[in-house]
Amino acid sequence: VVVSESRRYILCLSDLALYFIVDDEFSTHKNTTKRTFPSRMPPNSTFEDAQWPHAVVRHSLDSLQRIVIGFQFQRLTLQFFVSNGVSSSSFEYTYVVLTSNKAQTVSLLQKLQSYTSDTQPDIGCLIENDDKLFLDGLGAHSSEVVMHYQILHQVWKTGNREAARRSFVLTDSKIYLLDETYSGDGTIISDEKIKKARLGDVSLAIIDEAKLSKVTEVRAANEDPRMITLVILPANKLKRAHRWRLVC
């Protein structure tokens, strides 16, 4: 099993295949060579003369066998089985696509469903959701109702720490800040969990939690409309209030 940590990609979907294209804006191997802009176009140029983006991988839609809808449409897990051309066995490729946006997830899901029904009219693609797996991993009490869930980033005001991807969960009585990982993403997990988990299965670890009654302020940042700060009272008077600085 070959695993890879998260990267920023542009997804390009045609009627036959799905392409994963490197997002140059976030690539660590940017081209620093300066050029004049706009670049001069040679005479008699056509669209065929344009530079093609770098697709890291391409998968035919007829090899898409399974789609898992993430909790509250924050992500999709796509599982492809590709024939190796030598034997009856096939290679498995699993991708966890983090959109952090319900509308984008639903749009991608609908398009995949439409095209796979055309390419696999007799077989189709298995579609599941991981609601039960997510809620079991959260370990919320049966009386708690999940009101909102969001994949976002936590940042710190001091120090040189990089932003950390987190999951934020709001229930009717508490808030949770979670570390969300996926089977096969390189995270070290117990052998027992490895045996039971499928590639892409979600695993949760609670980083912090608080009762809603302890949240004294929800503050929006002036410099970035996506950033909010939650001020949380300590569990006892000997400790100071702490803050969750979150980028949605």
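If you're wondering where the values come from, they're calculated on a predicted model, not measured in any experiment.
- The nearest pair of heavy atoms linking Lys111 to Leu13 is CB-CD2, 3.6 Å.
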Show your reasoning for whether side-chain contact (heavy atoms from CB on, under 4.5 Å) applies to Leu230 and Ile228. CA-CA 7 Å; Leu230 277 62; Ile228 61 171; 3.7 Å; yes
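- The OG atom of Ser213 lies 11.0 Å from the CD1 atom of Ile232; values are rounded to the nearest 0.5 Å.
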Can you check side-chain contact (heavy atoms from CB on, under 4.5 Å) on Ile151 and Ser167, steps first, answer last? CA-CA 5 Å; Ile151 297 176; Ser167 294; 4.1 Å; yes
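- Every ring-ring contact (aromatic ring centres under 6.0 Å, His included) that Tyr149 has, sequence neighbours left out, goes to Phe71, Phe134.
- The two atoms that bring Val231 and Ala241 nearest to each other are CG1-CB, 4.5 Å, heavy atoms only.
- Every residue meeting the side chain to side chain contact (heavy atoms under 4.5 Å, CB included) condition with Glu209, not counting sequence neighbours, appears here in chain and number order: Lys174, Tyr176, Ile206.
- Residues that satisfy the side chain to side chain contact (heavy atoms under 4.5 Å, CB included) test with Gln104, not counting sequence neighbours, are Thr99, Asn101.
- The shortest heavy-atom contact between Ala164 and Trp156 is CB-CH2, 3.9 Å.
- Other cluster members for Val155: Met227, Val247, joined by side-chain heavy-atom distances under 4.5 Å among Ile, Leu, Val, Met, Phe, Trp and Tyr.
- Rounding to the nearest 0.5 Å gives a distance of 9.5 Å between CG of Leu16 and OH of Tyr115.
- Side-chain N or O atoms of Arg165 include one that pairs as donor or acceptor with a backbone N or O of Glu180 at under 3.5 Å.
- In this structure, the ring-ring contact (aromatic ring centres under 6.0 Å, His included) partners of Tyr93, at least two apart in sequence or on a different chain, are His59.
- Listed by chain and residue number, Glu144, Val145, Met147 satisfy the side chain to side chain contact (heavy atoms under 4.5 Å, CB included) test with Asp172 (two or more places apart in sequence, or in another chain).
- Residue Leu61 comes nearest to Ser14 through the heavy atom pair CD1-O, 3.7 Å, listed as atom of the first residue, atom of the second, then distance.
- Looking at Gln65, its side chain never comes within 3.5 Å of a backbone N or O of Phe81 through a donor-acceptor pair.
- How far CG of Leu233 is from OG1 of Thr216: 4.5 Å, rounded to the nearest 0.5 Å.
- Of the candidates Ile21, Val57, Val22, Val97, Val22 is the only one forming a side chain to side chain contact (heavy atoms under 4.5 Å, CB included) with Tyr9.
- Qualifying side chain to side chain donor-acceptor pair (under 3.5 Å) partners for Asp201, counting only residues two or more places apart in sequence or in other chains: none.
- You'll find the side chain of Ile175 stays beyond 4.5 Å of the side chain of Val169, heavy atoms only.
- Distance alone, capped at 3.5 Å, is enough to place a donor-acceptor pair between the Gln150 side chain and the Ser100 backbone.
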Candidate pair Phe80 and Leu18, rule side-chain contact (heavy atoms from CB on, under 4.5 Å), full reasoning: CA-CA 11 Å; Phe80 297 85; Leu18 178 65; 4.0 Å; yes
Derivation of the salt bridge (Lys or Arg N to Asp or Glu O under 4.0 Å) call for Arg198 and Asp130: CA-CA 12 Å; Arg198 295 178 296 183; Asp130 71 351; over 6 Å; no
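- Applying the side chain to side chain contact (heavy atoms under 4.5 Å, CB included) criterion to Asp179, with sequence neighbours excluded, gives Arg166, Thr181, Ala205, Ile207.
- Taking hydrophobic clusters as Ile, Leu, Val, Met, Phe, Trp and Tyr residues chained together by side-chain heavy-atom distances below 4.5 Å, Leu138 does not share a cluster with Val68.
- For Asp224, the side chain to side chain donor-acceptor pair (under 3.5 Å) test picks out Arg226, with sequence neighbours left out.
- Counting all heavy atoms, side chain and backbone alike, Leu199 lies closest to Thr94 at O-CG2, 3.5 Å.
- When the side chain to side chain donor-acceptor pair (under 3.5 Å) test is applied to Thr77, no partner is found at least two apart in sequence or on another chain.
- A salt bridge (charged side-chain N to carboxylate O under 4.0 Å, His left out) check over residues 82-98, counting only residues at least two apart or in different chains, returns nothing.
- The CG atom of Leu64 sits 10.0 Å away from atom CG of Leu126, with the distance rounded to the nearest 0.5 Å.
- Atom CG of Leu11 and atom CG of Leu78 lie 8.0 Å apart (nearest 0.5 Å).
- Remark: Arg245 engages no residue in a side chain to side chain donor-acceptor pair (under 3.5 Å) (not counting sequence neighbours).
- How far SG of Cys12 is from CZ of Phe20: 11.0 Å, rounded to the nearest 0.5 Å.
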